[in-house]
Amino acid sequence: MDAIGRALAEGHRGDTDSARRALLGLWTRTGAGGDPLHRCTLAHHLADLHTDPAQALAWDIRALDAADAVTEQRLQEHHAGLRLRGFYPSLHLNLADDYRRLGSFDAAAAHIAAAREHVPDLPEGPYGELLRTAIDEVAEAVARRSTARRASAPGPSA
């Protein structure tokens, strides 16, 4: 997790190519059967480093798949107080946004509905509000049948 954090710091400093290479290297070392928490975290952040919604979708699907394999015990070993159910609003939001960007509005709407089902699991405060706002933004874009990138979307600009 420390290596993931270092790679993300590179991305936050604007070096998204270096961050992507570092995370891909960690993904290769982790492997498809590696620790689901590491796979979920890596895939989630790799998705954010792609401007192409099809590439982001592939990583977001991997992130959701890995989250389904994470146990609460493993999560607590990493950080006491984290709850797996709190991951799902963001994971479904990202999938909804990917599908919307690709023009697959029915799939996007299904993931918005799943994200909304998990909204009660979001914490109060800035992070929870950020996700609640983003869910509403993506839902509105789906209703408008817009495939434009959201200004508030994470990751590098196109």
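Salt bridge annotation for Arg101-Asp98: absent, with no cationic side-chain nitrogen under 4.0 angstrom from a carboxylate oxygen.
Annotation: side chain of Phe87 is in contact with side chain of Leu37 (closest heavy-atom distance under 4.5 Å). No side-chain heavy atom of Arg39 sits under 4.5 Å from any side-chain heavy atom of Arg62. Side-chain contact between Glu137 and Ser152: present, with at least one pair of heavy atoms (C-beta onward) separated by less than 4.5 Å. Residues Val119 and Leu131 form no side-chain contact, since every pair of their non-hydrogen atoms from C-beta on lies 4.5 Å or further apart.
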Distance-only criterion, 3.5 Å: show the donor-acceptor pairs between side-chain atoms of residues 90-97 and protein atoms not counting sequence neighbours.
{"from": "His92", "atom 1": "ND1", "to": "His111", "atom 2": "ND1", "distance (Å)": "2.9"}
{"from": "Asn94", "atom 1": "ND2", "to": "His44", "atom 2": "ND1", "distance (Å)": "3.4"}
{"from": "Asp97", "atom 1": "OD1", "to": "Arg100", "atom 2": "NE", "distance (Å)": "2.9"}
{"from": "Asp97", "atom 1": "OD1", "to": "Arg100", "atom 2": "NH2", "distance (Å)": "2.7"}
{"from": "Asp97", "atom 1": "OD2", "to": "Arg150", "atom 2": "NE", "distance (Å)": "3.2"}
{"from": "Asp97", "atom 1": "OD2", "to": "Arg150", "atom 2": "NH2", "distance (Å)": "3.4"}

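Here Phe105 pairs with nothing under the ring-ring contact (aromatic ring centres under 6.0 Å, His included) rule; sequence neighbours left out. With sequence neighbours excluded, the residues satisfying salt bridge (charged side-chain N to carboxylate O under 4.0 Å, His left out) with Glu129 are Arg132. Judged as a side-chain hydrogen bond (donor to acceptor under 3.5 Å, both in side chains), and not counting sequence neighbours, the contacts of Ser18 are Glu10. Evaluation of the side-chain hydrogen bond (donor to acceptor under 3.5 Å, both in side chains) rule for Arg6 yields no partner, not counting sequence neighbours.
Crowding of Glu77 atom CD: a count of heavy atoms from other residues, nucleotides or ligands under 6.0 Å exceeding 12. The number of heavy atoms from other shown groups lying within 6.0 Å of CZ (Arg85) does not exceed 12.
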Asp121 vs Arg83, test: salt bridge (charged side-chain N to carboxylate O under 4.0 Å, His left out). Steps then yes/no.
CA-CA 9 Å; Asp121 299 320; Arg83 296 289 178 256; over 6 Å; no

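Pairs of residues two or more places apart, or lying in two chains, that qualify as ring-ring contact (aromatic ring centres under 6.0 Å, His included) and include a residue from residues 6-32 are Trp27-Trp59.
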